[in-house]
Amino acid sequence: MPELPEVEVVRSGLEPAVAGAAVVAVEVLDPRALTRHPGTAADFEGRLAGRAITAAVRRGKFLWLPLDDGADEAIVGHLGMSGQLLLRSVDAPRERHERIRMVVDHPSHGELAVVFADQRTFGSLAVDALVPTGDGAAGGRGSAAPLVASQAAHIARDPLDPAFRPDAFVRALARSRSAVKRVLLDQTVVSGIGNIYADEALWAARVHPETSASAVSTRTANRLLAEVRAVLQKALAEGGTSFDAQYVNVNGQAGYFAHSLHAYGRQGQSCDRCGRPLVREAFANRGSHYCPRCQRRQ
DNA sequence: CTTCCCCCCTGTAAGC
DNA sequence: TGCTTACAGGGGGGAA
């Protein structure tokens, strides 16, 4: 469920607490939270002890915390479906689905616990190498360094990244033989979009999710991209979308964007534009929510 | 190469 | 009432 706006809320909340802080203790409570870490839990703990964090960086739905000792390494994280990164006092009780706890010492804030909790365990943390970006631009939001966590290097930049290439997005649509919604969800074409914001952007742009990507005109593709940016920015300003207790910011608080949804989860309710009932259709092991009147299949 | 399906997992809710 | 089943979905691996 966390998509770009939710992960950015987490990144910006983490940044002031961890940038400049040193890792003083790491506790892995569930090794399933390290599925993307190449070593053991003990290896993860050992690699982090005593190291300083310099920033909190995000590209798409990936987050990483660069480590400051010239080794070009970072703690890389993905929240998956239900991952949370929470800031707690060091004596705070365990979270319900706590998987990893890192205690950091910040020069002005003192000691804080960074807790990774994850109900469905699709998320994970890892110690990862930082590699140069292909285009020389900053790796993501939160750092000017032209470095990206290797586990996030294969995904495209996200639509809020100043180095994002709209022309490449438009070309990828034209080349694809898939449905337009599939391309929106393809993180190697454009990152940060999940099922919620794909449906919202398609509704706003009046594009049917099953429209063949190659049938989308350049003009429509640019309108769709503009709607993607608009919905991501609005959701970010409202603190993200929360349907259940799974998405929260670093203080455990829910966002408000669920009140602003026009399509996602609104099957059976009337379209905010034309009044006709919205529908939900099976789509790639998920669901698509759209207005059959406003979003005609091309 | 591109595209597609299925699996990983847990809590909630619907169905019998 | 209580059990079983379906569903939600990000990403990756492997099959077609």
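Values below: every heavy atom of this structure, side chains too, minus hydrogens, waters and symmetry copies. Within every chain, numbering begins at 1; the chains are lettered A, B, ... in the order of the sequence lines, protein sequences first and strands thereafter.
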A:Q269 side chain to A:P277 backbone, donor-acceptor under 3.5 Å: no

Using a cut-off of under 3.5 Å, enumerate the N/O to N/O pairs linking the protein to nucleotides 3-6 of chain B.
{"from": "B:dT3", "atom 1": "OP1", "to": "A:R177", "atom 2": "N", "distance (Å)": "2.8"}
{"from": "B:dC4", "atom 1": "OP2", "to": "A:S178", "atom 2": "OG", "distance (Å)": "3.2"}
{"from": "B:dC4", "atom 1": "OP2", "to": "A:R182", "atom 2": "NE", "distance (Å)": "3.3"}

Tracing side-chain contacts under 4.5 Å among Ile, Leu, Val, Met, Phe, Trp and Tyr outward from A:V131 reaches A:V57, A:F62, A:W64, A:V76, A:L130, A:L147, A:V148, A:I155

All side chain to side chain contact (heavy atoms under 4.5 Å, CB included) counterparts of A:L29, not counting sequence neighbours: A:E27, A:R94, A:E98

Of all the choices, C:dG11, B:dC9, B:dG11, which nucleotide is nearest to the side chain of A:H78 once you look at every atom? C:dG11

Find the distance A:I196:CD1 to C:dC7:P and express it as a whole number of Å. 19 Å

Whole-Å distance between C:dG10 C1' and A:K181 NZ? 13 Å

Not counting sequence neighbours, which residues clear salt bridge (charged side-chain N to carboxylate O under 4.0 Å, His left out) with A:E15? List them please. A:R11

OP1 or OP2 of C:dG11 sitting under 4.0 Å from any side-chain N/O of A:Q187? yes

To the nearest 10°, give me the bend of the helix from B:dT2-C:dA16 to B:dC16-C:dG2, comparing the axes of its five terminal pairs at either end. 60°

Is there a donor-acceptor pair closer than 3.5 Å between any side-chain N or O of A:Q295 and the backbone N or O of A:R206? no

Under the side chain to side chain contact (heavy atoms under 4.5 Å, CB included) rule, collect the residues that match up with A:R293, sequence neighbours excluded. A:C274, A:R276, A:C291, A:R296

Share the residues that join A:W203 in a hydrophobic cluster, the rule being Ile, Leu, Val, Met, Phe, Trp or Tyr side chains under 4.5 Å apart at the heavy-atom level. A:L278

Report the residues that fulfil salt bridge (charged side-chain N to carboxylate O under 4.0 Å, His left out) with A:R286, sequence neighbours left out, ordered by chain and then residue number. none

Euclidean distance, atom CD of residue A:E95 to atom P of B:dG11 [Å, nearest integer]: 15 Å

Between B:dT10 atom P and A:R32 atom CZ, what is the distance in whole Å? 4 Å

Can you check whether A:H97 has a side-chain N or O nearer than 4.0 Å to OP1 or OP2 of B:dG11? yes

Should A:Y197 be listed as having a side-chain N or O under 4.0 Å from OP1 or OP2 of C:dG9? no

Output yes when at least one side-chain N/O atom of A:R96 is less than 4.0 Å from OP1 or OP2 of B:dT10, else no. no

Can you tell me how far C1' of C:dG10 sits from CG of A:L184, to the nearest Å? 15 Å

Other than A:Y256, which residues form its hydrophobic cluster under the rule that side-chain heavy atoms must be closer than 4.5 Å? none

Excluding A:V90, membership of its hydrophobic cluster (Ile, Leu, Val, Met, Phe, Trp, Tyr; side-chain heavy atoms within less than 4.5 Å) reads A:V24, A:V103

Please determine if A:R229 forms a cation-pi arrangement with A:F164, meaning its NZ or CZ atom is less than 6.0 Å from the six-membered ring centre and no more than 45° off the ring axis. no

Close N or O pairs between protein and nucleotides 12-16 of chain C (under 3.5 Å):
{"from": "C:dG12", "atom 1": "OP2", "to": "A:H154", "atom 2": "NE2", "distance (Å)": "3.3"}

Nearest to side-chain heavy atoms of A:Q119, which nucleotide of B:dC9, B:dT10, C:dG10: B:dT10

Rounded to whole Å, how long is the line connecting atom CG of A:D158 with atom P of C:dG10? 16 Å

Spacing of A:D128 atom CG relative to C:dG11 atom C1', expressed in whole Å: 15 Å

Contact class for A:G287 (heavy atom, under 4.0 Å): base, sugar-phosphate, or nothing? sugar-phosphate

CZ of A:R59 versus C1' of C:dG11: gap in Å, rounded? 16 Å

Applying salt bridge (charged side-chain N to carboxylate O under 4.0 Å, His left out) as the test, list every pair that has at least one member in residues 139-162 of chain A; sequence neighbours left out. A:E8-A:R141, A:R58-A:D158, A:D135-A:R157, A:R157-A:D161

Quick check, does A:F122 stack with C:dG10? I mean ring centres under 5.5 Å and planes off by under 30°. yes

